Amino acid sequence: MYACWGVTGQSCVWVRETYRTRFGIESSYRQMNQTRRRTSTRRPELRLLYVGLALVPRNEWAWLHFAVLSTPQRGGRLIRLERLRLRTLLHWLLQVIEEAFGTIAETRTESQLCS
């Protein structure tokens, strides 16, 4: 009833389908925010760059599910999200990057630390 409040001249099917597309948009933003780098900068060009970079692994994840991990069936494809979670993909990407470029195990300081 809440979704239909104030909507006149439209069928319940239209309202349901419209809301389903809105849910997909909200899910995409939530998933993009899982991959986006956190920052406190006010520079809009840098913030836009971070959003653009966050969309790449999220879109690759969606493509993998559609093209590789889904099951073809009559009427479309059966998407099985349990086969690869976004967090798992991000963890794998982190491992690949660490193997390729290494990790920083120590850092230099300006003064000697007391122990």
Side-chain angles (χ1 to χ4, degrees):
M1 184 166 162
Y2 175 76
C4 298
W5 187 264
V7 177
T8 57
Q10 301 294 338
S11 68
C12 289
V13 174
W14 178 85
V15 171
R16 184 185 74 215
E17 292 302 317
T18 303
Y19 189 75
R20 285 185 65 187
T21 59
R22 178 67 190 168
F23 178 75
I25 292 170
E26 291 172 3
S27 296
S28 296
Y29 277 112
R30 180 182 45 79
Q31 291 170 335
M32 181 198 62
N33 284 331
Q34 288 178 351
T35 61
R36 188 173 50 87
R37 183 180 187 278
R38 303 292 182 249
T39 182
S40 61
T41 183
R42 293 182 181 256
R43 294 178 49 200
E45 63 274 6
L46 189 58
R47 295 176 71 88
L48 181 62
L49 174 67
Y50 291 156
V51 168
L53 291 174
L55 286 172
V56 173
R58 194 270 174 207
N59 287 342
E60 287 296 317
W61 176 81
W63 176 83
L64 278 170
H65 273 287
F66 181 79
V68 179
L69 300 172
S70 63
T71 304
Q73 64 181 16
R74 185 186 311 201
R77 294 182 166 274
L78 177 61
I79 306 293
R80 298 187 175 171
L81 298 177
E82 71 276 1
R83 289 187 171 178
L84 178 62
R85 299 288 180 195
L86 181 60
R87 291 256 183 221
T88 305
L89 177 68
L90 294 174
H91 184 68
W92 288 351
L93 288 173
L94 179 62
Q95 287 178 336
V96 168
I97 291 169
E98 286 178 347
E99 287 177 10
F101 298 105
T103 58
I104 299 173
E106 59 185 44
T107 186
R108 293 172 39 146
T109 60
E110 295 295 322
S111 60
Q112 187 73 13
L113 293 175
C114 299
S115 48

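What you are looking at is a predicted structure, and each value in this text was computed from that prediction instead of being measured.
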Same apolar cluster (I L V M F W Y, side chains within < 4.5 Å links), [X]/[Y]:
X     : Y     : answer
Phe66 : Leu64 : yes
Leu86 : Val68 : yes
Leu81 : Leu90 : yes

Between [X] and [Y], is any pair of side-chain heavy atoms under 4.5 Å apart?
X     : Y     : result
Leu46 : Tyr50 : yes
Arg37 : Leu53 : no
Trp61 : Thr88 : no
Thr71 : Arg83 : yes

Minimum-distance pair of heavy atoms, taken over all atoms of [X] and [Y]:
X     : Y      : result
Leu84 : Leu89  : CD1-N, 4.1 Å
Ser28 : Arg58  : OG-NH2, 3.2 Å
Glu98 : Thr103 : CG-CG2, 3.4 Å
Pro57 : Leu93  : CB-CD1, 4.2 Å
Arg77 : Ser70  : NH1-OG, 3.0 Å
Thr41 : Arg43  : OG1-N, 3.2 Å

Just by distance, with hydrogens left out, do Asn33 and Arg36 show a side-chain donor and acceptor under 3.5 Å apart?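 On atom types as modelled, these side chains qualify, holding a pair under 3.5 Å.
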Pair Thr39, Arg47: side-chain N/O donor-acceptor within cut-off below 3.5 Å: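 Result is no, nothing qualifies.
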I need the His65 NE2 to Ile79 CD1 distance, nearest 0.5 Å.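 Going from the NE2 atom of His65 to the CD1 atom of Ile79 covers 8.0 Å.
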Distance in Å, Glu60 CD paired with Leu55 CG, rounded so as to fall on 0.5 Å steps: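 Glu60 CD to Leu55 CG: 11.5 Å, rounded to 0.5 Å.
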For Arg38, is the CZ atom crowded, meaning more than 12 foreign heavy atoms sit under 6.0 Å from it?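 Result for CZ/Arg38: enclosed.
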If you draw a 6.0 Å radius around CD in Glu106, do more than 12 non-hydrogen atoms from other residues or ligands fall strictly inside?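 No, not enclosed.
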